[in-house]
Amino acid sequence: MISKKCLLAAALFLCWTSSVYAASVSAVKGTKVLINLEGDSAAEGEEFYLINPDSRKKTAVIRIKQIKGSKALGEIIKGRAESGYGLQAKAPTPISADVESTDSYSETPRKRDSGSYLRTLKDSYGVVGGYLMNSMTADVSYKDGFGQSQKTSASMSGSGFGVGGFYDYVLGGDFVGRGYAGIEQFNVSGSASAAACSSSTSCDANINYLSLYGLGKWYPLQSGAYRAWVGGGLGYLLALSKSSSALNQSQISTNQVFTFAVGADIQRDRKNYIPISVEYNLFPASDTVKASMIMIKAGWAWNL
């Protein structure tokens, strides 16, 4: 007769093997694992234990990120993975001591609460609107009452608005490249000490630009749903419309600017975030004109 201990051991073995999938890890790269499903079913977002086939112990927890045919891409949440490790269905309870420890694993486990979206940077795109604060100092030529050419300085400032779209491409690590295109207003007005602006002391310049920017962004801080960045780059501004009493309008066409920026991404969920930034545009100074622009931007973006 079969003893009760044998029956109990057989039952426990059947329960364990019923939860182990035939699926196994075929490749590991960083925190990513490639899985052969071997006909087993899995869903995006589902979590599994990884099982060491030699020790029969749990070594990691992974989350399925993408499924294509008989292959799946997973992300390591905790622990370590190696090629050949098997999958076991994970109950929706926290894990701690049942995951095999290893000296090679030192990353702090990620928070599982619904408000935490900290993860690797992704390519994304979005739309933003901005409030622009502009300033300009221009040397203006005029003729005095004796017909002699004179010069005076006009200090001007003003504000405008802008709107556009961007695409962020992850270059690697914490570095991202941004391409941006939009419409921006450069509106300033002020006064001169003499009637040099179209025979008036009131001076202005109003320009609508088609703006194209290329920025490099570095993310030194990523905490929870917030990611802060600093960056810089170049911009190319093409004048679409223009009017000015302080400048020669025939010479207003295009400008190149140096851009310096700080910003943050506020993650709303796994797919969307709010991009905000403060950017400073410095126009290369000429002999007669110095100008700058401060932009405060905010919008909505989508992760790819």
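What you see is a predicted model; the values in this text were computed from it and never measured. Just the heavy atoms: all of them, side chains too, but no hydrogens, waters or symmetry mates, feed the values below.
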(request) Could you grab the distance from atom CE of Met295 to atom CG of Asn134, nearest 0.5 Å is fine? (result) 9.5 Å
(request) Indicate yes or no for a side-chain donor-acceptor contact from Asn208 to the backbone of Ser241 under 3.5 Å, with no hydrogens or angles considered. (result) no
(message) Could you see if Met136 belongs to whatever hydrophobic cluster contains Val140? Use Ile, Leu, Val, Met, Phe, Trp, Tyr and a side-chain cutoff under 4.5 Å.
(response) no
(request) With rounding to the nearest 0.5 Å, note down the distance linking OG in Ser159 to CD1 in Ile294. (result) 12.0 Å
(message) I'd like to check Tyr49 versus Val61 (side-chain heavy atoms, cut-off strictly below 4.5 Å). Are they in contact?
(response) yes
(message) Could you report the tightest heavy-atom contact between Thr152 and Ala194, atom names first, then the distance?
(response) OG1-N, 4.3 Å
(message) Show the nearest heavy-atom pair for residues Arg80 and Leu50, with the distance to one decimal.
(response) O-CD1, 4.3 Å
(message) So Lys242 and Leu247, do their side chains get closer than 4.5 Å, heavy atoms only?
(response) no
(request) Give the intermediate values and the outcome of side chain to side chain donor-acceptor pair (under 3.5 Å) for residues Thr59 and Asn52. (result) CA-CA 6 Å; Thr59 66; Asn52 185 326; over 6 Å; no
(message) Strictly below 4.0 Å, N to O, side chains only: are Asp139 and Lys151 in salt-bridge contact?
(response) no
(message) If you compare all heavy atoms of Trp229 against all heavy atoms of Ile276, which two are closest, and at what distance to 0.1 Å?
(response) NE1-O, 4.3 Å
(request) Answer whether the closest heavy-atom distance between the side chains of Leu210 and Ile183 falls below 4.5 Å. (result) yes
(message) Exactly one of Tyr273, Trp302, Tyr167, Tyr169 should register a side chain to side chain donor-acceptor pair (under 3.5 Å) with Ser124. Which one does?
(response) Tyr273
(message) Testing the 3.5 Å rule here: is there a donor-acceptor pair between the side chains of Ser211 and Glu184?
(response) yes
(message) Under the criterion side chain to side chain donor-acceptor pair (under 3.5 Å), I'd like the reasoning laid out for Ser292 against Ser135: C-alpha separation, chi angles, the key distance, then a yes or no.
(response) CA-CA 6 Å; Ser292 64; Ser135 64; 2.9 Å; yes
(request) Heavy atoms only: give me the nearest Leu215-Gly233 pair and the separation to one decimal. (result) CD2-N, 3.7 Å
(message) If hydrophobic clusters are built from ILVMFWY residues whose side chains come within less than 4.5 Å, do Val170 and Tyr219 share one?
(response) yes
(message) Taking side chain to side chain donor-acceptor pair (under 3.5 Å) as the criterion, tell me which of Ser198, Ser245, Ser189 meets it with Asp204.
(response) Ser245
(request) Mind checking the CZ-NZ spacing from Arg270 to Lys122? Nearest 0.5 Å is all I need. (result) 8.0 Å
(message) Would you say Tyr236 and Asn255 are linked by a side-chain donor-acceptor pair, where the criterion is simply a distance under 3.5 Å?
(response) no
(request) Given side chain to side chain contact (heavy atoms under 4.5 Å, CB included), test Glu75 with Ile64 step by step and report yes or no. (result) CA-CA 6 Å; Glu75 182 180 27; Ile64 302 298; over 6 Å; no
With a 3.5 Å cut-off and sequence neighbours excluded, list the donor-acceptor pairs that the side chains of residues 280-291 form with protein atoms.
unit_1 : atom_1 : unit_2 : atom_2 : d
Asn281 : OD1    : Thr259 : OG1    : 2.8
Asn281 : ND2    : Tyr213 : OH     : 2.7
Ser286 : OG     : Thr288 : N      : 3.3
Ser286 : OG     : Val289 : N      : 3.0
Ser286 : OG     : Val289 : O      : 3.4

(request) Taking the side chain as every heavy atom from C-beta outward, state whether Ile274 and Trp300 have any atom pair closer than 4.5 Å. (result) yes
(message) Minimum heavy-atom separation for Asn187 and Ile207, please, with both atom names.
(response) OD1-N, 3.9 Å
(message) With a 6.0 Å cut-off on the ring centroids, do Tyr131 and Phe161 count as close?
(response) yes
(message) Do Phe186 and Val128 land in one hydrophobic cluster if side-chain heavy atoms of ILVMFWY residues count as linked below 4.5 Å?
(response) yes
(request) May I ask whether Val257 and Ile252 are part of the same hydrophobic cluster, defined by side-chain heavy atoms of I, L, V, M, F, W, Y residues being less than 4.5 angstrom apart, directly or through others? (result) yes
(request) Provide the closest heavy-atom pair for Asn272 versus Gln267 in the form atom of the first, atom of the second, distance. (result) O-NE2, 3.2 Å
(request) For residues Thr201 and Ser193, determine if any side-chain heavy atom of one lies less than 4.5 Å from a side-chain heavy atom of the other. (result) no
(message) Could you measure the distance from the CG atom of Leu73 to the CD atom of Gln66? Nearest 0.5 Å is fine.
(response) 6.0 Å
(request) Taking atom types as modelled, find out whether Asn36 and Lys71 have a side-chain donor-acceptor pair closer than 3.5 angstrom. (result) yes
(request) State, with a plain yes or no, whether a side-chain heavy atom of Ile76 is found less than 4.5 Å away from one of Lys32. (result) no
(message) How long is the straight-line distance from NZ of Lys217 back to CZ of Arg178, given to the nearest 0.5 Å?
(response) 3.5 Å
(message) Between Glu279 and Lys297, does any NZ, NE, NH1 or NH2 come within less than 4.0 Å of an OD or OE carboxylate oxygen?
(response) yes
(message) Could you go through Leu237 and Gln256, starting from their C-alpha distance and side-chain angles, then the distance that decides it, and tell me whether this counts as side chain to side chain contact (heavy atoms under 4.5 Å, CB included)?
(response) CA-CA 6 Å; Leu237 312 184; Gln256 290 180 319; over 6 Å; no
(request) Could you walk me through whether Tyr125 and Asp168 pass side chain to side chain contact (heavy atoms under 4.5 Å, CB included), step by step? (result) CA-CA 6 Å; Tyr125 65 96; Asp168 278 2; over 6 Å; no
(message) Nearest 0.5 Å, please: how far is CD1 in Ile62 from CD in Glu46?
(response) 9.5 Å
(message) According to a hydrophobic-cluster definition based on side-chain heavy atoms being under 4.5 Å apart (Ile, Leu, Val, Met, Phe, Trp, Tyr only), do Val230 and Tyr226 belong together?
(response) yes
(request) Please assess Lys65 against Glu44 for the test side chain to side chain contact (heavy atoms under 4.5 Å, CB included), listing each intermediate value before the final yes or no. (result) CA-CA 5 Å; Lys65 305 295 290 184; Glu44 292 184 6; over 6 Å; no
